[in-house]
Each structure stands twice: as C-alpha cells, then as structure tokens.
Amino acid sequence: MKIYLDGQYCAKEDAKISVFDHGLLYGDGIFEGIRAYNGRVFRLDEHVDRLYDSAKAILLTVPLTQQEIKDVVVETCRLNGIKDGYIRLVVTRGVGDLGLNPNKCPKATVFCIVTGISIYPEKAYQEGLKVVTAATQRISPASLSPAIKSLNYLNQIMARIEGNLAGADELIVLNNEGFVAECTADNVFVVKKDRIFTPPVSAGALGGITRRAVIDLAVEMGLMIEEVNLTRYDLWVADEIFLTGTAAEVVPVREMDGRSIGTGKPGPVTEQFTKAYHQLTNSSGTPIPS
Ligand code: PMP
C-alpha cells in the first residue's frame with residue numbers, strides 16, 4: 001500500500017506523522033471521505049471544493065492547489081491499482097508546540113490513504129437498518145459549524161457509542177432545538193406519501209456530497225425533495241427513511257426507536273434511489289489512469 005504524505009508516496013509502515021501535529025493533539029484539521037468506482041473518482045471536484053471550504057472556515061492554508069490535491073487523489077489510486085475503493089484525504093494544522101495556537105504551526109500536513117470499504121453488511125441494504133435517537137445532540141453552529149468536515153469527530157463518536165450500547169446500527173442525531181440534524185456519518189431522508197423531505201444543512205447537517213447527488217437525481221426523476229425541519233415524530237410515522245453517505249451510499253431504515261418504518265422493509269422510493277445512485281457512481285467521475 002502506498003500512502004501520500006507531504007509530497008511523497010511512501011509505504012504504510014513509513015507513513016507516520018509527528019506527535020506534535022495539531023491534528024492529533026487537538027483534532028485541528030479537516031478531511032474528506034471519497035469513493036472510487038469502476039476506475040473513476042466519484043464527485044472529486046465537489047469533495048475538493050468542500051475540503052477548501054472547510055480549510056477556509058478554520059483559517060487553514062492547504063499547501064497545494066485544488067488541482068494538485070485532485071492529482072494526489074488520482075495518483076494515490078493509480079499507484080495502489082485501485083478501481084473501487086475508499087479514499088481518505090486529510091489536512092492537519094501540522095506540527096507546532098504543545099500550546100493550541102495555530103500560528104505556531106508553520107505548515108499543514110497533507111495525507112491521502114486509499115483502501116477497500118464496506119461499512120454496513122449486505123443484509124443492511126436488503127433489510128434496512130435499525131436506528132435509535134441519540135441523547136448526544138449535534139454541536140450548535142454557534143460553537144462549531146457542522147458544515148465543517150473537521151477532525152473533531154468526538155460528537156459523532158459519543159453518539160456512535162450510544163448506538164453500540166443500544167444495539168442499533170445508526171443514530172438519529174437532533175440539534176439543540178430538537179429537530180433532526182443527521183446521523184453520525186450520514187444524512188437522512190424521509191418519504192411520506194408522495195413527498196420526500198430532508199433536514200436543511202442549517203439544522204446541523206453536513207452538506208453531504210451523496211445528499212446533493214440524491215437531490216439532483218430526484219430532480220432528474222421528476223421528484224421533489226423539500227428541505228424542512230423534521231422532528232422524531234416525522235420520522236416515526238414516515239413511509240420510508242433512507243440514509244445517504246459516501247461510505248453508506250443509499251441505505252434503508254427499517255426501524256426507529258422501536259417503531260417499524262412503513263412496512264418494515266425497504267420501500268420503493270428508497271429502492272429507486274439506490275438503483276439510480278449506483279448507476280450514477282458507475283458511470284461518472286474523474287478517470288484513474290491505469
Ligand atoms: N454527515 C456526517 C457527519 C458525515 O461525516 C458524513 C460522511 N462524510 C455525511 C454526513 C455524509 O456526507 P457525504 O455524502 O459527503 O459522505
């Protein structure tokens with residue numbers, strides 16, 4: 001396995017960063033999770049745009065141009081002979097002293113890892129996930145905007161731990177007003193009668209690339225998705241719920257907080273999006289040269 005680290009492609013054993021890196025000491029950094037399908041990197045431009053927006057929001061200078069970063073992603077895939085895989089692109093504040101002042105970190109650390117992936121077992125896609133509402137709320141945008149894809153994932157991990165304790169596959173995470181924000185690493189969609197809803201990003205959701213792709217697909221399919229504030233009640237009484245994320249793709253929910261969702265099986269709208277999303281991921285993207 002070859003890993004890109006600060007200008008070099010090195011072996012996994014040699015891909016090491018300093019214990020003084022503020023990414024490690026303070027979670028001071030940003031990242032992207034990207035997928036490659038069929039020899040192409042899916043929505044690379046969108047991921048790199050979001051990475052640069054995250055960088056701007058935390059006043060972090062990425063020491064590469066957007067084009068150079070895209071080249072790194074594609075080259076890491078090529079070097080590893082990856083046609084289908086998961087790409088983790090990370091930019092940390094870099095090495096500083098033990099104080100938290102980012103001005104003491106002269107240069108950001110950049111690395112890119114490519115691996116295989118499967119987060120939910122195949123059964124999840126056929127039968128749907130069991131989800132519960134987390135007691136851990138999404139961090140308020142006044143504290144740390146959930147739109148920043150930062151290395152600070154303790155909020156999501158605290159929710160994930162609740163899921164482990166409750167024997168649930170995923171968590172529905174609410175904002176501090178009680179509206180549904182998203183999941184620990186996925187966005188959420190609800191189908192009720194002939195309407196489809198998803199929380200607005202302002203409810204505390206990450207602006208997911210998969211979420212965007214699903215909204216675009218809906219428009220192409222002549223379906224409308226409305227971005228509205230949703231409560232747990234709206235989810236409990238939904239005909240269908242599905243989650244979206246780069247790793248998860250489009251995954252159905254069969255049960256939430258002990259309530260069976262719709263028929264308790266993946267519904268027709270979810271299946272329509274699962275199919276359309278697979279078609280899209282397999283037929284578009286930035287080519288990886290062989
Ligand atoms: N929300 C959070 C908190 C996430 O970490 C992710 C995964 N990156 C998502 C939503 C889904 O975003 P995307 O579709 O861009 O992977």
Side-chain angles (χ1 to χ4, degrees), residues 1-37 39-97 100-115 117 144-153 185 206-210 212-213 246-247 284-290:
M1 180 193 272
K2 288 280 184 205
I3 291 168
Y4 173 88
L5 174 59
D6 286 338
Q8 301 201 313
Y9 294 92
C10 49
K12 187 177 172 186
E13 303 73 52
D14 301 325
K16 293 182 178 149
I17 65 163
S18 167
V19 292
F20 288 92
D21 193 302
H22 280 209
L24 176 63
L25 287 173
Y26 295 116
D28 185 356
I30 53 172
F31 76 102
E32 281 297 317
I34 311 171
R35 284 280 281 268
Y37 294 90
R40 282 187 276 225
V41 182
F42 185 63
R43 302 238 154 160
L44 180 57
D45 291 355
E46 285 86 341
H47 281 286
V48 172
D49 277 347
R50 186 171 67 183
L51 183 82
Y52 273 74
D53 284 347
S54 294
K56 186 175 187 184
I58 68 164
L59 272 181
L60 171 65
T61 304
V62 183
L64 299 170
T65 64
Q66 291 213 16
Q67 187 56 51
E68 285 168 339
I69 284 273
K70 288 177 202 170
D71 293 345
V72 161
V73 170
V74 171
E75 180 61 6
T76 312
C77 291
R78 191 192 68 80
L79 277 176
N80 287 285
I82 289 284
K83 284 198 166 1
D84 295 270
Y86 182 79
I87 301 151
R88 176 56 57 89
L89 180 59
V90 182
V91 185
T92 79
R93 188 73 67 178
V95 172
D97 62 18
L100 53 77
N101 188 351
N103 288 349
K104 298 279 180 65
C105 307
K107 191 166 183 288
T109 302
V110 182
F111 60 89
C112 181
I113 311 168
V114 180
T115 64
I117 187 166
L144 175 64
S145 172
I148 302 171
K149 201 159 165 56
S150 87
L151 291 181
N152 250 289
Y153 258 52
L206 179 76
I209 308 287
T210 321
R212 184 76 253 160
T246 296
S284 60
T286 306
I288 304 164
S290 48

Sub-4.5 Å side-chain heavy-atom contact between [X] and [Y]:
{"X": "K83", "Y": "I288", "result": "no"}
{"X": "L89", "Y": "C112", "result": "yes"}
{"X": "V110", "Y": "V72", "result": "no"}
{"X": "I30", "Y": "L151", "result": "no"}
{"X": "P289", "Y": "V74", "result": "yes"}
{"X": "L24", "Y": "T92", "result": "no"}

Test salt bridge (Lys or Arg N to Asp or Glu O under 4.0 Å) applied to [X] - qualifying residues, sequence neighbours left out:
{"X": "D21", "answer": "none"}
{"X": "K70", "answer": "D45"}
{"X": "R78", "answer": "E75"}

Margin query: Run the ring pair (Phe, Tyr, Trp, His ring centres under 6.0 Å) test against H47 and tell me which residues pass, sequence neighbours left out.
Written below: none

Item checked: ring pair (Phe, Tyr, Trp, His ring centres under 6.0 Å) against F111, all qualifying residues, sequence neighbours excluded -> none

Notebook entry, point to check: Can V91 and T109 be said to form a side-chain contact (heavy atoms from CB on, under 4.5 Å), step by step?
Noted result: CA-CA 6 Å; V91 185; T109 302; over 6 Å; no

Checklist line | Derivation and outcome, side-chain contact (heavy atoms from CB on, under 4.5 Å), residues V73 and L44 | finding: CA-CA 9 Å; V73 170; L44 180 57; 3.9 Å; yes

Notebook entry, point to check: Does the pair T246 and R43 meet the rule for a side-chain contact (heavy atoms from CB on, under 4.5 Å), with working shown?
Noted result: CA-CA 10 Å; T246 296; R43 302 238 154 160; over 6 Å; no

Of the non-hydrogen atoms in [X] and [Y], which two are nearest, and what is the gap between them?
{"X": "A247", "Y": "Y86", "result": "CB-CE1, 4.3 Å"}
{"X": "I3", "Y": "K12", "result": "CD1-CA, 3.8 Å"}
{"X": "S150", "Y": "F31", "result": "O-CE2, 3.3 Å"}
{"X": "Y26", "Y": "N152", "result": "O-ND2, 3.4 Å"}
{"X": "I113", "Y": "M1", "result": "CG2-SD, 4.4 Å"}
{"X": "G94", "Y": "C105", "result": "O-SG, 3.9 Å"}

Note to self: P102 and side-chain contact (heavy atoms from CB on, under 4.5 Å): which single residue from D28, L59, L60, I58 fits?
What the structure shows: D28

Return the [atom1] to [atom2] distance between [X] and [Y], rounded to the nearest 0.5 Å.
{"X": "I87", "Y": "Y4", "atom1": "CD1", "atom2": "OH", "value": "15.0 Å"}
{"X": "F20", "Y": "D97", "atom1": "CZ", "atom2": "CG", "value": "8.5 Å"}
{"X": "Q8", "Y": "L5", "atom1": "CD", "atom2": "CG", "value": "8.0 Å"}

Note to self: Suppose the criterion is side chain to side chain donor-acceptor pair (under 3.5 Å): which pairs have a residue in residues 52-63, not counting sequence neighbours?
What the structure shows: none

Note to self: When you measure from the side chain of R50 to the backbone of G207, do you find a donor-acceptor pair of N or O atoms at a distance under 3.5 Å?
What the structure shows: yes

Note to self: With a 3.5 Å distance limit and no angle check, can you tell me whether R35 reaches the backbone of D84 through a side-chain donor-acceptor pair?
What the structure shows: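 Not at all, since once roles are kept as given, no pair shorter than 3.5 Å links the two residues.
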
Next item on the list: Take K149 and L51 through the test side-chain contact (heavy atoms from CB on, under 4.5 Å) and record every step on the way to the result.
Entry: CA-CA 8 Å; K149 201 159 165 56; L51 183 82; over 6 Å; no

